Amino acid sequence: SWASQPHDAEIGETHDTMPGPKDIVKSLFYHLGIYDFLAGIRKPEENRLLVLMYHDIVEDGLPSKTRSATGKPTRSQFSTQVKMLKDRYRVITVEEAVAEVKATGRLSEPTAAITFDDGYMSTYEIAFPVMKDHGVSGTVYLPTRWISGEMEPWWLILADMARQCDRSRLGRDKLRA
């Protein structure tokens with residue numbers, strides 16, 4: 001049937017019959033990355049710590065080309081991910097998980113922690129309110145040398161170099177020479 005295997009569904013695929021509502025939802029889940037997310041957060045058989053690491057969250061409404069190029073979840077995608085995570089796990093901070101393991105030698109139930117790297121403003125402006133709405137906390141790892149001005153991250157240096165270069169020299173035919 002249409003999109004019965006969500007990972008086989010492709011844009012532009014033609015079908016003999018019109019897809020039903022269930023098929024459309026399956027396709028949406030596939031294209032929004034929900035199937036992959038659910039596979040990644042399947043409840044474990046043992047009480048382990050699942051750590052989800054984010055860098056940046058973007059506001060809803062960005063053009064899809066921009067969102068897919070960045071790989072960053074939108075506010076609503078992040079909210080959906082937190083809800084699905086909370087439905088399957090006890091969500092606590094990394095610090096709380098470490099303290100529990102130190103005190104008891106193990107985690108008492110399947111547990112997840114949400115972490116953020118790099119200290120982007122979206123952690124405070126987007127992720128924090130979403131997590132507060134869902135009643136969960138997270139852990140933020142701040143790059144103190146970046147904040148203090150002692151270093152600049154390599155990806156920002158690379159982006160700056162790309163902005164400054166002569167774009168006419170970046171064509172594929174020029175790169176092969």
Side-chain angles (χ1 to χ4, degrees), residues 3-11 22-62 64-147 151 153-156 158:
S4 62
Q5 298 277 333
H7 54 278
D8 291 338
E10 293 184 358
I11 296 174
K22 199 173 189 180
D23 298 321
I24 292 170
V25 170
K26 282 182 183 180
S27 182
L28 278 171
F29 274 27
Y30 169 74
H31 290 288
L32 292 173
I34 294 173
Y35 280 119
D36 291 337
F37 182 78
L38 285 173
I41 66 165
R42 194 170 295 131
K43 201 165 192 168
E45 310 224 349
E46 297 177 24
N47 295 342
R48 296 183 181 182
L49 178 64
L50 171 69
V51 178
L52 277 77
M53 186 273 299
Y54 295 89
H55 283 274
D56 205 2
I57 311 290
V58 296
E59 283 293 353
D60 292 322
L62 282 178
S64 61
K65 185 176 180 181
T66 303
R67 284 195 320 268
S68 63
T70 64
K72 300 171 185 175
T74 64
R75 177 188 293 266
S76 60
Q77 288 170 331
F78 179 66
S79 181
T80 299
Q81 291 172 5
V82 171
K83 182 188 181 318
M84 286 193 271
L85 189 66
K86 193 175 169 189
D87 288 346
R88 290 166 176 77
Y89 292 85
R90 168 183 64 151
V91 181
I92 61 176
T93 66
V94 170
E95 295 81 0
E96 291 167 330
V98 168
E100 182 177 332
V101 171
K102 280 184 177 180
T104 67
R106 66 182 193 87
L107 293 168
S108 62
E109 60 187 293
T111 304
I114 300 172
T115 68
F116 295 89
D117 284 359
D118 304 326
Y120 287 106
M121 284 298 295
S122 68
T123 302
Y124 178 72
E125 294 174 343
I126 301 172
F128 174 66
V130 167
M131 292 171 55
K132 187 175 178 183
D133 288 347
H134 288 285
V136 300
S137 297
T139 303
V140 179
Y141 296 102
L142 297 174
T144 55
R145 290 183 58 217
W146 179 16
I147 293 169
M151 58 83 61
W154 66 268
W155 63 91
L156 294 179
L158 183 63

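Here, residue 1 is the first one in the sequence, and each next residue gets the next number. Everything numeric here is computed off the predicted structure, so don't read it as measured data.
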Fill in the blank from the handout: Of all heavy-atom pairs linking Q81 and P73, the shortest is NE2-CB, 4.3 Å
Fill in the blank from the handout: Tightest non-hydrogen contact, residues S137 and T93, listed as CB-CG2, 3.6 Å
Practice task
Measure from the side-chain N and O atoms of T123 to the backbone N and O of G119, and report whether any donor-acceptor pair falls under 3.5 Å.
Solution key: no
Problem - Nearest heavy atoms of V91 and K86, plus distance in Å - result: CG2-CA, 4.0 Å
Handout entry: L156 side, atom CG; M151 side, atom CE - distance, nearest 0.5 Å
Key = 9.0 Å
Practice task
Examine distances only and state if a side-chain atom of S122 and a backbone atom of I57 form a donor-acceptor pair shorter than 3.5 Å.
Solution key: yes
Exercise for the section: Return the minimal non-hydrogen interatomic distance between T111 and I92, and the atom names on each side. Expected result: CG2-CG1, 3.4 Å
Practice task
Locate the shortest heavy-atom distance separating R48 from L107; write the atom from each residue and the value.
Solution key: C-CD1, 3.6 Å
Exercise for the section: Can you measure from CG (D117) to CE (M53) and round to the nearest 0.5 angstrom? Expected result: 5.0 Å
Problem - Contact check, side chains of Y141 and V94, non-hydrogen atoms, under 4.5 Å - result: yes
Exercise for the section: Give, for atom CG of D56 and atom CD1 of I126, the distance between the pair rounded to the nearest 0.5 Å. Expected result: 7.5 Å
Handout entry: Point-to-point distance, once rounded to the nearest 0.5 Å, from CZ of F78 to CD1 of I114
Key = 5.0 Å
Practice task
Sort and list the pairs that fulfil salt bridge (charged side-chain N to carboxylate O under 4.0 Å, His left out) and have at least one residue in residues 103-116, not counting sequence neighbours.
Solution key: R90-E109
Completion exercise
For F128, the ring-ring contact (aromatic ring centres under 6.0 Å, His included) test, sequence neighbours excluded, returns Y124
Please set out all donor-acceptor pairs under 3.5 angstrom arising from side-chain atoms of residues 129-136, sequence neighbours excluded.
unit_1: H134; atom_1: NE2; unit_2: S79; atom_2: O; d: 3.3
unit_1: H134; atom_1: NE2; unit_2: S79; atom_2: OG; d: 2.9

Exercise for the section: Indicate yes or no: at least one non-hydrogen side-chain atom of V51 is less than 4.5 angstrom from one of T139. Expected result: no
Practice task
Kindly say whether S76 contributes a backbone atom to a donor-acceptor pair with the side chain of D60 at under 3.5 angstrom?
Solution key: yes
Fill in the blank from the handout: So CZ of R75 and OG1 of T80: to nearest 0.5 Å the spacing works out to 12.5 Å
Problem - S108 vs E100 side-chain heavy atoms within contact, under 4.5 Å - result: yes
